[in-house]
Amino acid sequence: MRRTGATWADQPLPMSVILLVAAAVHLPLLLMKLPLKSYDTNFHIFFSSHYANHWFEPWNPKWYAGFSQTTYPPLPHQVIALVSYVTGLDLAYMLVQFAAILLLVVGVYRFARLWVDERAASLAALAAVFVASESFLVYSAGQLSTTFAAPLYLNALPYLYEWMRRGRWLALLKGATLAVAAAAAHHATLLFGSLLFALPVFALAILDSRESRREEADGIPENSVKGVVLRAVSSAVLVGLAVAVVLLPFWIALFNNPVTQTPIPHPSRANYILSPHWGLNYFVIPYGALILALPFIFLRGCSTRRLRPLFFGFWLAFLLGLGGTTPVGHILLGRAFEVITMERFSYWATLLALPFAGLLAKELIDRFGMKAAAGVALAASLTCAFAVAWVAYRPADAENFKVDSVAAWLNRDGHDKYRYVTLGFGNKIARLAILTDASSVDGEWNSGRTLPELTAHGAGALTSSKYFGQPGIDALNAILRHADHYGLKWVFVHDPYYEPLLAFAGWRKVDDLEDRTITVWSKENVPPAVAVNSSLIPPEWQGWMWGTLPIGSGILALLVVLIPERRRRERPAAVPAAEQERFAVQGALR
């Protein structure tokens, strides 16, 4: 039975209310520093700590006997570094991540407004607060760059749509600057995710250009398909050239040292049917209650002409996010499938699904009233809660120990003249690197590796060698054999599994730390560490570019977006004519 009478539920939710809900849900979790328990948070803080101390020097000597941070776009790390001068690194990370969450809410609303009416778009923005994939990446995976870049693209695309349809130069300026800032935040989102968002919007601009007549309200004629295509090409060229300049050191590093190392296995590329535990981790948890909305997404996306571009973008991201469950990833990505992790595609798929989710929520509330509102709210809350709780069930590092004593040991008595490696430290190697100036032959940024002992084996960080099977042990043995070449004198062990291997290789225990839970092993007659990757150090001009253009692109985008626009009458709701007619009939029946 349908509701009768108008209520608050018939109106779009104010953006101020949605942002307050986002603050109420996520700000306490971030102030509790829950992301510190994730996989990659400490890695991002490590990069940020380098910029805080050596802003114009992208060469970082602390990992892999030295590597260049130009191999990773720096915008979120540089923002954290700036904020850390006031708050410290940990709190700065939380504040930047919180800003990204708020940007996502605004971006989802503006992106959804291209496809659905204002009320459904506001419900989609509210859903963005609770979407499980966001919480999964923030609190479990710790992928700051992904969650920072995607909102910027979502905010950029409505401006670029305005440029493609109506040729408004200010819209082009705003969209282009936001897109360049997003590229300066994350390379994988630039190379893969941006197309998944941009191509549906381009197709939408063409559809709208074909179907619409003159805009009598504005007195501006609708542009032809040819005009839309030409403006789309011009904006793509403009953004491409700007990205090429802003990230020039990144492209140079990629050209000089392409990622040709042996692929490292990752569970996000698994077959989720044959490995249901990874399906739970990378499909069920990130999608949450959106799984229940999949039939609606398919039916409405296929049956409504105007929503088909959005549906096809979602469908492609959905299939890629399934990893090795389907052959789509192998076919479309080629070797890149063995290099990148696939959970980011599930994240992008859920963002593309949110306009559908907002439309579904609106129709359910229209039909069933407060019962539907309560059910949708419960489903959203449980979805977010399970994703947040997942970090407690599957923590990045179940061992709760500190590395301060290890850092203090390295920082005294000239110990930092030699390189070190840790075993059994998990993601705490990044925290240790922040606290000491000593250099390691290990690290967590696989694309920054150049040491042949590491790139020749399909294993990740040496500290977790045993989890990569024989390739991991082979990589560790190779590094230990060449200890003299790298000035590797110290091994810190938090897992007794590795002690027989060290003893057999000629190392001996020399100290104990942290109530004998960490042992220090040493090798005799190892010379002090010397530079081994000097040829890879970026020239000074790249350091100046890296320290100015990426952060400058972010500041410029902020300033340009604040430029006021000429006020004009609001366009009709962006829904198909058939949909508008059905809504009008429903309204007459209330």
Side-chain angles (χ1 to χ4, degrees), residues 39-51 53-54 57-78 80-81 142-146 184-188 190-191 247-264 266 335-336 338-341 419-422 425 427 429-434 436-465 468 472 475 478-479 486 488 529 531-539 542-543 546-547 550:
Y39 283 88
D40 288 340
T41 293
N42 284 315
F43 156 77
H44 290 293
I45 294 176
F46 167 69
F47 269 53
S48 303
S49 71
H50 179 80
Y51 291 118
N53 294 291
H54 310 282
E57 178 51 74
W59 183 253
N60 192 328
K62 292 187 177 182
W63 279 355
Y64 307 126
F67 76 104
S68 175
Q69 289 194 181
T70 61
T71 54
Y72 201 114
L75 180 56
H77 303 141
Q78 291 178 340
I80 292 172
Q143 293 189 12
L144 171 69
S145 296
T146 302
H186 194 220
H187 55 296
L190 164 67
L191 298 174
L247 294 181
L248 181 60
F250 170 79
W251 305 119
I252 292 174
L254 185 63
F255 178 79
N256 291 334
N257 296 283
V259 182
T260 57
Q261 59 185 283
T262 302
I264 300 171
H266 193 274
R335 176 174 166 75
E338 303 295 339
V339 177
I340 62 176
T341 57
R419 292 194 174 97
Y420 71 94
V421 71
T422 63
F425 276 51
N427 69 342
I429 62 173
R431 180 62 57 173
L432 175 59
I434 295 172
T436 180
D437 289 330
S439 175
S440 175
V441 293
D442 199 9
E444 287 192 294
W445 174 227
N446 295 330
S447 295
R449 306 190 308 176
T450 56
L451 304 182
E453 295 85 353
L454 303 180
T455 58
H457 302 282
L462 292 174
T463 194
S464 303
S465 299
F468 294 94
I479 281 289
Y486 293 115
L488 173 61
V532 295
N533 289 328
S534 300
S535 61
L536 301 177
I537 298 178
Q542 288 190 27
W546 203 242

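These numbers come from the heavy atoms of this one structure, side chains and all, not from hydrogens, waters or symmetry mates. Every value quoted in this text rests on a predicted model; they were computed, and no experiment measured them.
With sequence neighbours excluded, the residues that form a side chain to side chain contact (heavy atoms under 4.5 Å, CB included) with Pro249 are Thr70, Gln542, Met545, Trp546. Considering only residues two or more places apart in sequence or on other chains, His77 meets the side-chain hydrogen bond (donor to acceptor under 3.5 Å, both in side chains) condition with His44.
To the nearest 0.5 Å, atom NE2 of residue His50 and atom CD of residue Gln78 are 10.5 Å apart. To the nearest 0.5 Å, atoms CD1 (Ile434) and OG (Ser48) are separated by 8.5 Å. The CG atom of Asn60 sits 10.0 Å away from atom CG of Asn53, with the distance rounded to the nearest 0.5 Å. We find the CZ-CZ distance between Phe250 and Phe255 to be 14.0 Å, quoted to the nearest 0.5 Å. Expressed to the nearest 0.5 Å, how far CD of Gln143 lies from CG of Asp40 amounts to 6.0 Å. With rounding to the nearest 0.5 angstrom, the CG atom of Leu536 is 12.0 Å from the CZ atom of Phe67.
When atom types are taken as modelled, the side chain of Ser439 and the backbone of Arg419 share no donor-acceptor pair closer than 3.5 angstrom. Tyr64 contributes a side-chain N or O that, together with a main-chain N or O of Gly443, makes up a donor-acceptor pair within less than 3.5 Å. Under the 3.5 Å distance criterion, the side-chain polar atoms of Ser145 are left unmatched by any main-chain donor or acceptor of His186. Although no hydrogens or angles enter the test, the distance criterion places no donor-acceptor pair under 3.5 Å between the side chain of Thr71 and the main chain of Ser447.
The distance between the ring centers of Trp63 and Phe46 falls below 6.0 angstrom. Taking the centre of each ring, Phe47 and Phe43 come in below the 6.0 Å mark.
Side chains of His457 and Phe468 form no contact here, defined as non-hydrogen atoms less than 4.5 Å apart. Inter-residue side-chain proximity for Leu454 and Ile479 is flagged as met; some heavy-atom pair is nearer than 4.5 Å.
Side-chain contact of Thr436 with Tyr420: a donor-acceptor pair under 3.5 Å is absent, judged by distance alone.
Each of Ile80, Thr41, Ile45 was checked for a side chain to side chain contact (heavy atoms under 4.5 Å, CB included) with Leu144, and the lone residue meeting it is Ile80.
Heavy-atom minimum distance, Tyr39 versus Glu444: O-OE2, 4.2 Å. When every heavy atom of Ala461 is checked against every heavy atom of Ile429, the shortest pair comes out as CB-CD1, 4.4 Å. Here the shortest heavy-atom pairing between Val532 and Ala65 reads CG2-CB, 3.5 Å. The minimum heavy-atom distance between Ala184 and Pro76, with the atom names listed, is O-CD, 4.3 Å. The minimum heavy-atom distance linking Lys62 with Ala433 is given by the pair NZ-O, 2.9 Å. Between Ser440 and Asp442, the shortest heavy-atom contact is OG-N, 2.9 Å.
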Using side chain to side chain contact (heavy atoms under 4.5 Å, CB included), reason through Val339 and Asn446 one step at a time and then give a plain yes or no. CA-CA 9 Å; Val339 177; Asn446 295 330; over 6 Å; no

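Listed by first and then second residue, the side chain to side chain donor-acceptor pair (under 3.5 Å) pairs involving residues 254-263 are Gln261-Arg449 (not counting sequence neighbours).
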